[in-house]
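Here is the structure we will look at, set down as structure tokens.
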Amino acid sequence: MGIKGLTKLIGDNAPRAIKQQDAKALFGRKVAIDASMCIYQLLVAVRMGADNLTNEDGMVTSHLNGLFYRTIRLIELGIKPIFVFDGKPPSMKGGELAKRAEAKKAAEEAAKKAEEDGNLELAEKFARRVNRITPEMMAACKTLVRAMGVPAVEAPCEAEAQCAELVKHGLAYATVSEDMDSLTFGTNKLVRQLWSGVSASAQKKGHTPTEFSLDVLLEDLDLKMHEFVDLCILCGCDYVDGIKGVGVVKALSLMREHKDLAKAVEALKRLDRYEVPDPYPVDALREMFFKPEITAAKDVSLKWGKPDEAAIKKLMVEDNQFDETKIANGIKRLLLARKTSNQVRVDSFFKPKSAPNAGALAAKRKAAALAAKSKGKKRRSPGLSKGKIMKKGKLGNK
DNA sequence: TCTCTATCTATAGACGTG
DNA sequence: TCACGTCC
DNA sequence: ACATATAGATAGAG
């Protein structure tokens, strides 16, 4: 998912656009969270052996557990979350890409894909995915966060695109997701791995939230937004496969040369050692990022209210058999934390920490090696302790 | 030899307890 | 503080 | 979604 190799491209060519910082740096900020991604993560991770946690009816509840505690922690950190939920899957992901762009070739393409199991596989995966996370599960998540006094936004289509809309219009400071195509959708700030810096247990693992800045990245890559979107498509995205032999580096140089996806693709087609997906509907692909189906920011209202204690208990304890004492404790924490979150952010308080530049990946590795040797006690960067702790963890697991 | 891509492989949540 | 077991 | 997705490491192509 996302854009193939984009993280590396940014790390190598626009390291200024990447900042590693403590979750505390988001104090007082509103953040638009890609709820589906968050829920997927929880479903994967929270299990007893092979099975998820379930209620007495056998319905999965792993995601509720995580969502409950994560929301509490965010509020405790003074961060104002907005959970944004996916709507219907975009038509282009269902293999209908061609249908919209070149209706004639749709059938042909489907057949071809069945043979070489390119996009079709992706489509199947997507369908399976939708089946596993039931509408009831999503509904329960919305009920929970709303009961906790946190807004839940239902996107008409992709949550990523909706998050970007909220950020573009100042309703949120950043999108929280692991998916790099948030940037392609035009969010100016993207925070990845937020959860690493949120829960007490995750913080120990040494990971830090990473903030990407679109404006800086465009400046340092010397690309206009539309050229950046073209670049992302060329690298391979959710809507079209990449081209074999063309990675981020080649894609960037192609964009530098041609300044235009259509021209770059034409150039590749002329060299017959590249297999360009056919059809390659440039305009329709661009439209997926520039005109995604979203609810306009002006039609979205966000309210952070007082937790509805009874509603939380009904959902968690009565309907899903969570431990009453634990839930009560959580609610207590939530109520207490609300005082903190009502404080106003004072920007001057948050000095730009000159973060250990997450950027130049190669440089980082070198630095780590060097640091290991000299053991100088400069700033204790998360990167340093990370290595240690992770090694320990690895041994412990085995 | 070097740069870039393709391929392989390890890892995965949050909390309380002892 | 860490590693582990449990959460539903 | 541990019957997967991702990122970092490394092998290998050009």
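Quick note on labels: first sequence line is chain A, next is B, and so on, each numbered from 1.
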**OP:** Could you work out the separation of D:dG8 and B:dG13 based on their P atoms and round it to a whole Å?
**Re:** 15 Å
**OP:** Output all residues satisfying side chain to side chain contact (heavy atoms under 4.5 Å, CB included) with A:A264, sequence neighbours left out; order by chain, then residue number.
**Re:** A:L234, A:L254, A:H258
Original post:
If the P atom of D:dT4 is compared with that of B:dC15, how far apart are they to the nearest Å?
Top reply: 29 Å
Subject >> Of residues 310-328 of chain A, the positions that come close to DNA chain B - non-hydrogen atoms, cut-off under 4.0 Å >> reply: none
**OP:** Identify whether any heavy atom of A:G245 sits under 4.0 Å from a base atom; if not, whether one sits that close to sugar-phosphate; answer base, sugar-phosphate or nothing.
**Re:** sugar-phosphate
**OP:** Kindly determine whether A:R16 and A:E219 satisfy salt bridge (charged side-chain N to carboxylate O under 4.0 Å, His left out), including the steps that lead there.
**Re:** CA-CA 10 Å; A:R16 271 200 327 135; A:E219 197 181 316; 3.7 Å; yes
**OP:** Figure out the CZ/C1' separation between A:R273 and B:dT5, and round it to whole Å.
**Re:** 12 Å
**OP:** Measure from NZ on A:K244 to P on D:dG14 and round the result to the nearest Å.
**Re:** 10 Å
Subject >> Residue A:S199, side-chain heavy atoms: nucleotide from D:dC2, B:dT5, B:dC15 that is nearest >> reply: B:dC15
Original post:
Touch check for A:V248, heavy atoms < 4.0 angstrom, all strands: base, sugar-phosphate only, or nothing?
Top reply: sugar-phosphate
Original post:
NA contact type, A:T61, heavy-atom cut-off 4.0 Å: base, sugar-phosphate, or nothing?
Top reply: sugar-phosphate
**OP:** Among Ile, Leu, Val, Met, Phe, Trp and Tyr joined by side-chain contacts under 4.5 Å, find the other residues sharing a cluster with A:V46 and list them by chain and number.
**Re:** A:L42, A:M48, A:L53
Subject >> Among C:dC7, C:dC8, B:dA12, the one nearest A:A45 by side-chain distance >> reply: B:dA12
Original post:
Please give, in whole Å, the distance from B:dC4 P to A:Y274 OH?
Top reply: 12 Å
Original post:
For the side chain of A:R192, counting heavy atoms from C-beta on, which of D:dT6, C:dC8, B:dT5 is nearest?
Top reply: D:dT6
Original post:
Does NZ or CZ of A:K142 come closer than 6.0 Å to the centre of the six-membered ring of A:F83, within 45° of the ring's axis?
Top reply: no
Subject >> Of the listed nucleotides D:dC2, C:dT6, D:dA7, the one nearest the side chain of A:T7 >> reply: D:dA7
Subject >> Listed nucleotide nearest any side-chain atom of A:V46, set D:dA1, B:dG13, D:dA7 >> reply: B:dG13
Original post:
If you measure from CD on A:E211 to CZ on A:R192, what distance do you get to the nearest 0.5 Å?
Top reply: 13.5 Å
**OP:** Using atom CG of A:L53 as one end and atom P of D:dC2 as the other, report the distance to the nearest whole Å.
**Re:** 14 Å
Subject >> Distance test, side-chain N/O of A:R47 to OP1/OP2 of B:dG13, below 4.0 Å >> reply: no
**OP:** Measure from the side-chain heavy atoms of A:R70 and tell me the nearest of B:dA14, B:dC15, C:dC8.
**Re:** B:dA14
**OP:** May I have the distance from A:L42 (atom CG) to D:dA5 (atom C1'), rounded to whole angstrom?
**Re:** 15 Å
**OP:** Assess whether side chain to side chain donor-acceptor pair (under 3.5 Å) is satisfied between A:S177 and A:E160, documenting all intermediate values.
**Re:** CA-CA 8 Å; A:S177 176; A:E160 299 285 323; 2.8 Å; yes
Original post:
Nearest to the side chain of A:Y69, which nucleotide is it out of D:dA7, B:dC15, B:dA6?
Top reply: B:dC15
**OP:** Would you please indicate if the ring centroids of A:F68 and A:F322 are separated by under 6.0 Å?
**Re:** no
**OP:** Would you mind classifying the nucleic acid contact of A:G66 as base, sugar-phosphate or nothing, using non-hydrogen atoms under 4.0 angstrom?
**Re:** nothing
Subject >> Span that lies between the P atom of C:dC4 and that of B:dA12, in whole angstrom >> reply: 13 Å
Original post:
Have A:T61 and A:N320 got a donor and an acceptor in their side chains that come within less than 3.5 Å?
Top reply: no
Subject >> Length of the CD-C1' vector between A:E76 and B:dA14, whole Å >> reply: 13 Å
**OP:** Measure from CG on A:N65 to C1' on B:dG16 and round the result to the nearest Å.
**Re:** 13 Å
Original post:
What do you reckon, is NZ of A:K269 surrounded by more than 12 foreign heavy atoms closer than 6.0 Å?
Top reply: yes
**OP:** Let me know the distance between CG of A:N52 and C1' of D:dA3, rounded to the nearest Å.
**Re:** 13 Å
Subject >> P atoms of D:dA1 and B:dT17, separation to the nearest Å >> reply: 34 Å
